[in-house]
Amino acid sequence: MRIRTVGRHTREGFKNLFRNGWMTFAAVSAVAVTLFILGLSIALSLNIQNVSLNIENQLQVNADVSDSVTAKELPALGKELAHLPGVRSITFVSKADALQKMKKILQGNASMFNGLGNPLPNEYVLQAANPEMTSGLAKLVQHVKGIQNVQYGQSFIGKLLAVTAAVRDGAIVLIGLLLVMGIFLISNTIKITIFARRREIEIMKLVGATDGFIRGPFFVEGTLMGLFGAAIPAFVLYELYRWMFLNVTLFPPFSLLPTAYVASRVLWVLILCGVFIGAWGSIVSMRRFLRV
Amino acid sequence: MIELQDVWKEYGNGTAALSGVSVRIKQGEFVYVVGPSGAGKSTFIKLMYREERPTKGHIFVGGFNIERLRERQIPLMRRTIGVVFQDYKLLQKLTVWENVAFALEVIEASRRTIHRRVEEVLDLVGLSEKAGMNPRELSGGEQQRVGVARALVNKPSVIIADEPTGNLDPDNSWGILKLFERVNDRGTTIVMATHNRELVNATHKRVIAIEGGQIVRDQERGDYGYED
Ligand SMILES: Nc1ncnc2c1ncn2[C@@H]1O[C@H](COP(=O)(O)OP(=O)(O)O)[C@@H](O)[C@H]1O
Ligand SMILES: [Mg+2]
């Protein structure tokens, strides 16, 4: 194809976009919403994965001491825990320390603890010697007398993975529906263009323009709609994420992946999907309404 | 040049438009196709550039076996045929020059070729002065000359015209006919379906008369032959 032909198709494609202002707007919006949700779920999944990894790497077992254990008995309990196999280190966090820490995290909302006394337990935090030993260690700790509750990464990861799966399933259904709508709206917009240009198309066929040449501008129109439909959520998501990254304070093991990393994983997916939706929409329309 | 062998055409609704038409037209001929309304003239024309396909029979135009043509070859075949219509089929938002150039642009001719050819045919049809005008600003005769220019710009070996003077007054009709004769003098085959008795009777060219989907008369140097 000649460069000039590509230029012509692009010019005509743009003209068509603006000619069908409102239809184009509806189609682009549908694609934008679809891809916004897609981008959001990818960014969310990436971060959940990352948090899971953080937790896994912490090798940490939190053992809550039951309130029946007196202050005098604590050192003995600490010793017993420290001698369990697979323990690299052990630290004690007292009720008072834990409350202090919690209040710091909650900042302005700390007053909600007023009048409750201190609901937090004394706690031993054990580090396992290596990641594989974490769950075994947790089981041993569970059976030590005076320990009421044990938490370690795995239980939390399980919950996180369940959330991830739910997010993914919900997103797939929603994206599927919106995808169909996006393709439908794009093909409908192009149908209108084809109708508006039927005279030109008729003459093109008459004087021997090839099918590819006649289709060119419609293909460009659809692809551009898909591309705009991707660019908008790409921009919004990028800015939104960057804002969150800079302004939302999280504490380990929770953390947000850097903006550039998430962008490098999400943006090209959005652009590719947009182009795909647009191209598909225009092909659907041409198959049905452009008898060449 | 053009040959139809026992061509039948029945439309989807069962209307038999042509019933066993055979005819041969040589390169450089000028042929009128006459007959009453509904006789099958337009169908005859449409079959030649594959706007319609025959139910049965064979059609050859130029080197092409029309009904055996692959989809991809249709555009190539159409580039060898110029078609002219009663309603001109011009694009109103383009100028005269652009309307003619359009036919070359969409087959990706080079800019130089487009300029050269458009100047040439506008000169031939006598519209160089009005190249920048809009079709709406032209008389019917002038609009049809733009239609002819567009049909010619691609240097087709045959011009097919369906009632090209149907909307024109006698003077303008004569103008179009003179133009066709000039083109024909240069060796281009002309096939023209018409109702225009004066033109047919005054020019003594080959006349093919169709009635009820059949050729009822094929006369060298013929006349219109109907009283209508
Ligand atoms: N697209 C079509 N569908 C059905 N019938 C048609 C169609 N075109 C033409 N006909 C019928 O075929 C016959 C021949 O029509 P046409 O070729 O247009 O005749 P003419 O041009 O001589 O007036 C007529 O009876 C007409 O009604
Ligand atoms: Mg007719």
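Note that the coordinates shown come from a computational prediction; the quantities given were computed from them, not determined experimentally. Naming convention: chains lettered A, B, ... in sequence-line order (proteins, then strands); numbering from 1 in each chain.
- Residues of residues 175-199 of chain A that come closer than 4.5 Å to chain B, counting heavy atoms only, are Arg197(A), Arg199(A), ordered by residue number.
- When the candidates Arg72(B), Met77(B), Lys89(B) are compared by the number of heavy-atom contacts under 4.5 Å with chain A, Lys89(B) comes out ahead.
- Residue Gln92(B) places its CD atom among more than 12 non-hydrogen atoms of other residues, nucleotides or ligands, all under 6.0 Å distant.
- Interatomic distance, CZ of Phe85(B) versus CD of Glu202(A), reported as 6.0 Å (0.5 Å rounding).
- Minimum heavy-atom separation, Val106(B) to Arg8(A): CG1-NH2, 3.8 Å.
- Within a 6.0 Å sphere centred on CZ of Phe64(B), other residues, nucleotides and ligands contribute more than 12 heavy atoms.
- Remark: Leu206(A) CG to Ile81(B) CD1 distance equals 9.5 Å, nearest 0.5 Å.
- Phe235(A) CZ: 12 or fewer foreign heavy atoms inside a 6.0 Å radius.
- A 4.5 Å side-chain heavy-atom check between Arg78(B) and Val207(A) finds every atom pair outside the cut-off.
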Lys205(A) vs Arg50(B), test: side chain to side chain contact (heavy atoms under 4.5 Å, CB included). Steps then yes/no. CA-CA 11 Å; Lys205(A) 288 183 204 169; Arg50(B) 206 175 187 275; over 6 Å; no
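- Annotation: side chain of Arg150(B) is in contact with side chain of Ile203(A) (closest heavy-atom distance under 4.5 Å).
- Note on Glu105(B) versus Arg4(A): no salt bridge recorded, every NZ/NE/NH1/NH2 to OD/OE distance being 4.0 Å or above.
- Atom CE in Met204(A) sits 12.5 Å away from atom CD1 in Ile107(B) (nearest 0.5 Å).
- Within 6.0 Å of CH2 on Trp280(A) lie no more than 12 heavy atoms contributed by other residues, nucleotides or ligands.
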